[in-house]
Amino acid sequence: MSFLTLENVTLRFGGLVAVNNVSFHVGKGEVFALVGPNGAGKSTLFNLISRFYDPAEGDIRFEDKSILKLRPDQVPSLGIARTFQNIELFEQSTVLQNLLVGRHRHAKVGGFAQTFFTPAVRKEEMEHRRIVEEIIDFLDLQPYRDKYIAGLPYGIRKVVEMARALATEPKLLLLDEPASGLSLEETQDMIFWIEDIKKHMGITVIMVEHDMNLVSAVSDRVLALADGKELAIGTPKEVQSHPEVIKAYLGSSGLDDKKEGAKK
Amino acid sequence: MPRGEGFDLDMMQLVISGLANGSVYGLIALGFVLIYKATEAVNFAQGDFMMLGAFITIWLANPQFLGIDFWIAVPLAISIMAVLGYLLDLFVIRKMFGQPQIAVVILTIALGFIIRFVVGAIWKHEPQLLETPFAGRELRIGELVLGFEEVAVIVVTLLLTLFLFLFFRKAKLGKAMQAASQNQLAAYYVGIPVKRIQSLVWALAGAVAAVAGVLFASKGAVDPSTGLLGIKAFAAAVIGGFGSLPGALIGGLIIGLIEPFAAYALPAGYSQIAPYAVMLLVLIFRPAGIFSQMQKKKV
Amino acid sequence: MRFVFKRSYNDDIKLFKHRTQMFWYLALLIFVVALPWLIDDFLIGEATNVLIWAIAGMGLMVLAGHTGQASLGHAAFMAIGCYANVIMLQRGVPFIIAFPLSGVIAGIAGTIIALPVLRLHGIYLAIATLAISILTDDIIVITAPWTGGVGGLAAPPFDIFGVDINRYGTPILFYFLTLVVTLLVLWAYRNILRSPLGRSFVAVRDSEISAQALGVNITKTKAISFGISCAIVGLAGALLGLFAGAFNNETFNLVLSIQLLLMIVIGGLGSIHGAFFGALVIGFLPQAIAITRDGISETFGLGTIIIPGIESGVFALILIGFILFEPRGIYGRWIKIRTYFELFPFYRKGMFKRQKTYLKTERMK
């Protein structure tokens, strides 16, 4: 059984081919990285998997079932969670409330029971909270639990967004540039966390990342993209030394410059 | 409505008066579109701007008030409204920079209340008519008798829309306004004074409202609640697609035409629903208007 | 400043965060219960009016404050609640059934209307709901056999388990009826906010995209919010009809819709408190203006000046003041004042500074 499969996926915006006939599959328990220059179509692939975009051609299958018939809000119920490149948190809510929204797909009590806050609702709320607290412990977010997002630094927001995705208890986690804008230390933490997510939680991770240190530290396999086309696929080493990849990067601005250090 | 011999002529007159009303709606809608394009907010007080423009002109031109010559009073009223628009942005709207568009909407609704209150307090609530040099004149084309005002309204509206259309296409300021509306930050970086441009757009919207007010008051009486006409202009703007200047005019004309024909064809009580019903249908089935394509927000 | 020690997850679910808070709300409750013995019947009528506004305000707050969908058409659903209630009462349905049912009817009507309309964003939604508000007037006239059209309807006398309740005959009982409804709505509202449903409302308000990515069905959530909002507003409408005694097509006009929205903005969008603060402002503004006017004319010996429309003018002016200087409304200002005293002397001016954002466009160029 294959876990996630993209088959000949093509997406066009008007005349622009954002994703051009891309195929790959990700095995269960893998950490899979998407790399490539800006505009290569990496985030677009995430948006395709999240069903925000409809592919013009091709098929996307999760656990052997095509997801192309699903609405975006049905994707999480399969066990797919994601973060966003530009952080999409609920700014006017606390960290805790943000994470509890992550529990949405596990909410079972009906609206009527919620209106009267029956004991069943209370019981379920406590259970959601217990799971959220585990994630808070795992990602060291205790000091920020009751803080509003609007007042948090960028690095913490990145972690909160990942925590919120974990709160959905996913099988597959899509991380869009988890280390961009993070300090060296924070990036180190991120490396440990991603390894733990893979090893201890058994969650498959696909990430878009420019920081090649992070990519080579945690990824099992890497897919390099340029202009929506697949350049190379393989272990981090193989891909980094692949002539097509080097050419694509030199054509833009060189591999190391792509590390977007402490941006913002 | 008598049928038979005079039927076609009646129809024709219905069309002309519908178009004349529609032109006023179109002009108010033009004001919506101008401000929407520049700031992505909607000025819910645009109808009240029109009413204020009408009253300022009446105050300047009518003999019972200042009695200035009509041809001086009109440009003066337009300038006053433009200055008011500019000042409004400078002192109020600009402070809203960075707030959600709905806050601006609520602000302009409140502004409408205030304009209605102030006009009522100054010029009272009785309906007033603008006395124009061409009042009561008629235009005869064969057997067709048309009110001069109605024809003038249509002609002026067409010219003004054409002027604005060309202004945004050709003039440097117009292009800068377009750029500022499409991407504030980028426009700022290439050296366009975004804030001043925004004030100028409000000034322009004020001037357009004044023209609409003059036209409206010359063919029918105005009172402080006339500004609620702006709601019909929403229907016009929606039908035309909120971002399009010619669309606003066409939308206005469509609404203007729907009204008399709905009154002609439908029983009383149902006819005044028609413009809003059409607007709701457009909103539900073609939310971006009947002339444009809507696109999803990018993630 | 207080530090609350939490011992169980339940501490975050409780309706009151700590003892002192509970004490103050209890004191407030005792005050409003004792109110009829403190003030005369005229003022009790005013207090009832404020409570009805507060219920309507809570109704709109669910939608505009917590789900982020501004409606300019909520008077339409007040009308539905009002007419449904009175029409049922006239046909002999007991109040205890007719009243909740009128809320349900308004809620269902709201949900049905919401489904096509709520696909619209921001101003388009505002305009569509505006159209609904305008159409209400005409529809009431068209359905005259039921609604009495221009002639209107008169609220029939009603009783709860044999106890007659009448706005003029037994104003205190009417006040208590309104108070009970207010408290029930308040309780249900708080419950929703601390449940998954309330969180999904806020999620839709703050980021539709990430709400979707977490499995929140945007359309469904908005429709539920619209439904709940309309049901509450419908109850307020039913009470308003009984309170006013008689109403017609012009009672629930556009101005009422707009006032309702402006009211919760003044009170403070996004908090239940805001609905109550706004209701107090709108309820007592006419009195305040009258008193000020009399004061001015007495001081200067001007005689009585009556300027029509001054109430909405002043109201609008207050609103603009709030939007410019305190966008969080009265409640936001209250939080700041409270924090100032709690932290005294360590309050910093920038503590509540909001982040300015550049225009977040919904257009794609």
Side-chain angles (χ1 to χ4, degrees), chain A residues 13 46-47 50-52 71-78 80-84 87-94 96-98 100-111 113-118 121-122 124-130 132-133 145-146 149-151 161 164-165 167-168 174, chain C residues 4 6 8-15 17 65-66 68 184-185 187-221 224-225 227-228 231-232 269-271 328 350-355 357 360 364:
Chain A
F13 292 120
F46 273 17
N47 288 337
S50 305
R51 297 288 300 116
F52 288 125
R71 291 191 312 269
D73 60 86
Q74 292 170 320
V75 173
S77 62
L78 299 176
I80 300 177
R82 69 170 290 180
T83 67
F84 294 88
I87 306 187
E88 291 272 348
L89 285 166
F90 309 118
E91 298 258 327
Q92 311 295 327
S93 302
T94 63
L96 181 62
Q97 285 160 344
N98 266 275
L100 283 172
V101 179
R103 300 295 303 158
H104 185 85
R105 82 176 179 101
H106 298 284
K108 286 180 197 72
V109 285
Q114 293 180 39
T115 311
F116 297 100
F117 214 78
T118 57
V121 180
R122 190 180 295 269
E124 199 185 282
E125 282 294 295
M126 305 276 258
E127 179 60 16
H128 289 325
R129 180 65 191 274
R130 193 184 59 75
V132 162
E133 284 297 331
R145 191 188 284 121
D146 291 321
I149 302 296
E161 210 189 18
R164 191 180 62 181
T168 69
L174 309 175
Chain C
V4 184
K6 293 171 187 166
S8 104
Y9 297 154
N10 219 2
D11 289 343
D12 276 333
I13 298 174
K14 282 191 304 195
L15 286 176
K17 294 274 163 278
H66 284 112
L184 285 176
V185 169
W187 179 65
Y189 196 168
R190 279 299 309 264
N191 284 344
I192 289 171
L193 283 189
R194 56 183 175 156
S195 303
L197 191 58
R199 287 193 296 266
S200 61
F201 288 170
V202 176
V204 167
R205 179 190 70 188
D206 287 351
S207 169
E208 287 196 9
I209 281 167
S210 68
Q212 271 186 315
L214 295 168
V216 177
N217 182 337
I218 304 288
T219 319
K220 195 175 131 198
T221 306
I224 292 173
S225 171
I228 292 176
I232 299 174
L269 271 183
S271 70
R328 288 292 176 92
M351 279 178 88
F352 286 95
K353 206 163 171 70
R354 289 165 340 109
Q355 283 184 323
T357 49
K360 248 194 182 173
M364 242 174 77

Intermediate values then yes/no, side chain to side chain donor-acceptor pair (under 3.5 Å), T168(A) and R105(A): CA-CA 7 Å; T168(A) 69; R105(A) 82 176 179 101; 4.6 Å; no
For the interface with chain C, which of I149(A), L100(A), V109(A), L174(A) has the highest count of heavy-atom pairs at distances below 4.5 Å? L100(A)
Which portion of R194(C) sits near chain A, non-hydrogen atoms under 4.5 angstrom: both
State plainly whether the residues R103(A) and E127(A) are in salt-bridge range, i.e. N to O under 4.0 Å. no
Determine the option with the most heavy-atom pairs under 4.5 angstrom with chain A, choosing from V216(C), I228(C), I13(C). V216(C)
Please check if the number of heavy atoms outside K220(C) that lie under 6.0 Å from its NZ is greater than 12. no
Given heavy-atom pairs under 4.5 angstrom as the criterion, report whether the side chain, backbone, both or neither of T115(A) touches chain C. both
At a heavy-atom separation under 4.5 Å, does Q114(A) approach chain C through its side chain, its backbone, both, or neither? both
Salt bridge E125(A)-R129(A), side-chain N to carboxylate O under 4.0 Å: no
Chain C contact via S93(A) - which portion, at a heavy-atom distance below 4.5 Å: both
Output every pair passing ring pair (Phe, Tyr, Trp, His ring centres under 6.0 Å) with a member in residues 188-214 of chain C, not counting sequence neighbours, ordered by first then second residue. H66(C)-Y189(C)
Given a strict heavy-atom distance threshold of 4.5 Å, which part of V101(A) is in contact with chain C: side chain, backbone, both, or neither? both
Measuring only between side-chain heavy atoms, which start at C-beta, is N217(C) closer than 4.5 Å to R71(A)? yes
